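See structure below.
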Amino acid sequence: MNDLSGRISWADVALALVLVGVSVVVSRMRKADLERDILVATFRSFAQLLAIGFVLEFVLDGNGAFTPLVLLAMIGTATLTSGARGRQVPGAYWIAVASLSVAAAGTLGVLLLLGIVPAAPRAAIPLGSMIISNAMNTTSLVMSRLRDDLGAHRREVEAHLSLGETAAEASASWHRAAVRNGMLAIVDSTKVVGLVALPGAMTGMLLAGASPSSAIRLQMVVMYMLLGGNAFAALVTGKLTVGRLFTADHQLIRAVRRVAGA
Amino acid sequence: MGDRFEYRDVTVNGDHGPIISGFSARIPADGLTAVVGPSGAGKTTLLRLLNRLDDPDGGEVLFDGRDVRTYDVLDLRRRAQYVGQVAVPFPGTVAANVGPDASGLLVRVGLDPALAGRDADRLSVGEAQRMCLARALARRPECLLLDEPTSALDSSSKIGVEALIRSLADDGLTVVMVTHETRQALELADRVLEVGA
C-alpha cells in the first residue's frame with residue numbers, strides 16, 4: 001500500500017520536526033525574529049491536535065452523541081476569535097455566534113437533508129470544522145469592514161439619512177461592499193481550485209489512499225459547501241452589524257460618528 | 001406664526017464632558033434664523049438635534065410644539081432637510097441625485113439644467129453645494145437645516161449661495177443656518193441665535 005493512513009508513527013512526527021528546525025534556522029539567518037513564534041506555533045499545534053485527536057477518537061468510537069458538543073465547542077472558539085476581531089462593533093460576540101451557528105447549521109443541514117453526506121460524526125465534525133473556520137474569517141471581515149467603512153463615510157451615510165432614508169438604505173452600498181469582501185476569498189479559491197493548489201480535503205483523501213475521482217468529488221462538495229457557509233455568514237453578519245451600528249431611530253451610533261473627531 | 005423648533009434645557013455630552021449644557025431657545029417658523037458662535041460651541045450638534053441625526057442626553061427638542069422623538073423619524077427628516085457642511089454628491093448623475101423634476105429644481109438653485117446629465121462628482125464645490133440644496137428641496141421640506149453652507153466656497157460662489165438661501169427663506173421655508181461668520185449672520189438672517197462664548 002502506498003497510502004499514508006495508519007503509516008505515520010510518532011517517530012515520523014518527531015523526524016518531521018527537522019523541517020521546523022529549517023524554518024528556525026532561516027528565521028535566525030534572515031533575522032526575521034520569528035524563532036519564538038515558530039516554537040510557540042509548533043508547540044500549540046502539537047497540543048491542540050493531540051487534544052482534538054483524543055476527542056475525535058472518543059466521539060468516533062461509539063460516542064457519536066457528543067458530536068453536537070464538539071461542533072458547539074468549535075463555534076465557541078471561533079466566536080471568541082471573530083468577536084475579538086470585530087470588537088469595535090457593539091455586540092460583536094453575539095453577531096459572531098449567530099453568524100457561525102447559522103453558517104454551520106444551515107450548511108450542514110442542507111448537506112444532511114439532501115443526503116449528500118451521512119449523519120455520522122466522521123462526516124459532521126470535519127465538514128463542520130471547515131465551515132466554521134471559513135465562516136469565522138468571513139464574519140470577522142464583514143464586521144470590521146462595515147464598521148470601518150461606515151465610520152470613514154459617515155458624512156455620506158448621514159447625507160442619505162438626512163434625506164429620509166432608512167438605516168438599511170443609507171448603508172446599502174457599504175453593506176454590499178462588506179458582504180462582497182467577505183465572500184471574495186472563497187469565490188477566488190473556488191475559481192482556482194486544482195490549478196494553484198490541491199485543497200485540504202482532497203489532499204487528505206489522496207494521502208489516505210482514495211482514488212482521485214472520489215477525492216475530487218468530495219472536494220467539489222467541500223468547495224460548494226464553503227461557498228454556502230460563507231454566504232450564510234456574510235448575510236447574517238452584515239444584517240446584524242448594520243443593526244448594531246445604527247439606533248432603532250436610524251441614527252449612526254455615536255461611537256461610529258465620532259471617529260476622527262467628527 | 002408660532003415656533004417651529006424649541007430647545008428646552010438641552011444637554012448633549014461629548015467624550016470629554018458636555019458639548020451643550022442646559023440650552024434653551026426658540027426658532028420661529030418664518031424666515032431665516034442664524035446660529036452663531038465660536039467653533040466647538042456645539043452649533044452643528046444643535047442643528048443635528050432638529051432632524052434627529054443626534055438626540056440630546058437631557059432636555060427636549062420640540063418641532064411644531066411636540067417633542068421630535070414623538071414623530072416618525074423618517075418623516076421628520078423629510079420635512080426638515082439637513083444639508084451638511086461638505087457637499088456630498090452620491091455616485092451617478094446630477095439628475096439621479098436630485099430625482100424627478102431635476103431640471104426645475106436645478107433652475108431654482110441657480111444651476112444650468114444642462115448639468116442634469118453630468119456625473120455629480122465632476123461638479124465644482126459650489127455647484128455640488130447647490131445640487132445638494134436641490135436634492136433637499138426635491139423632498140418638498142418645510143424646513144432647511146444648513147450647516148455652514150458657504151464655508152467650503154470661494155467668495156464669488158459664496159455670494160450666489162447666500163442669495164439663494166435668502167430667497168428660499170423668502171419663499172416661506174423655515175431656514176436654520178449655522179455659521180461661524182457673524183457678518184454673514186447679520187447680513188442674511190432675520191434673527192441670530194448666539195451659542196456659547
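In what follows, every chain begins at residue 1, and chains take the letters A, B, ... in the order their sequences are listed. The structure displayed is predicted, hence computed values, not measured ones.
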Legend entry - Heavy-atom pair of closest approach, residues A:Arg254 and B:Asn13: NH1-O, 3.3 Å
Legend entry - Heavy-atom neighbours of B:Lys158 NZ exceed 12 at 6.0 Å: yes
Inset, instruction - Sort out for me which of B:Arg135, B:Arg78, B:Arg69 touches chain A most, counting heavy-atom pairs under 4.5 Å. - result: B:Arg135
Legend entry - Within 6.0 Å of CZ in B:Arg191, more than 12 heavy atoms from elsewhere: yes
Inset, instruction - Would you please test A:Arg257 and B:Leu53 for side-chain contact (heavy atoms from CB on, under 4.5 Å) and show each step? - result: CA-CA 10 Å; A:Arg257 279 192 267 125; B:Leu53 282 177; over 6 Å; no
Inset, instruction - Indicate yes or no: at least one non-hydrogen side-chain atom of A:Leu163 is less than 4.5 angstrom from one of B:Arg77. - result: no
Legend entry - Spacing of CD belonging to A:Glu165 relative to CZ belonging to B:Arg139, to within rounding of 0.5 Å: 7.0 Å
Inset, instruction - Answer yes or no: does atom OH of A:Tyr93 have more than 12 heavy-atom neighbours from other residues, nucleotides or ligands under 6.0 Å? - result: yes
Legend entry - CZ (B:Arg66) with more than 12 external heavy atoms under 6.0 Å: yes
Legend entry - Heavy-atom proximity to chain A below 4.5 Å, by part of B:Arg48: side chain
Inset, instruction - Would you indicate whether B:Asp171, at its atom CG, is surrounded by more than 12 heavy atoms from other residues, nucleotides or ligands within a distance under 6.0 Å? - result: yes
Legend entry - Neighbour count >12 (heavy atoms, 6.0 Å) for atom CD, B:Glu194: no
Legend entry - Point-to-point distance, once rounded to the nearest 0.5 Å, from CG of B:Leu74 to CD of A:Glu169: 8.0 Å
Legend entry - Within 6.0 angstrom of B:Arg166 CZ, more than 12 heavy atoms from elsewhere: yes
Inset, instruction - Could you tell me whether the side chain of A:Glu156 and the main chain of B:Val88 form a donor-acceptor pair under 3.5 Å? - result: no
Legend entry - Residues, nucleotides or ligands: over 12 heavy atoms within 6.0 Å of A:Arg44 CZ: no
Inset, instruction - Check whether A:Thr247 gets within reach of chain B through its side chain, its backbone, both or neither, counting any heavy atom under 4.5 Å. - result: neither
Legend entry - Structural part of B:Asp54 lying under 4.5 Å from a heavy atom of chain A: both
Legend entry - Which atoms of B:Asp75 approach chain A - backbone, side chain, both or neither, heavy atom under 4.5 Å: neither
Legend entry - From CA spacing to verdict: side-chain contact (heavy atoms from CB on, under 4.5 Å), B:Phe90, A:His160: CA-CA 9 Å; B:Phe90 301 148; A:His160 282 283; 3.3 Å; yes
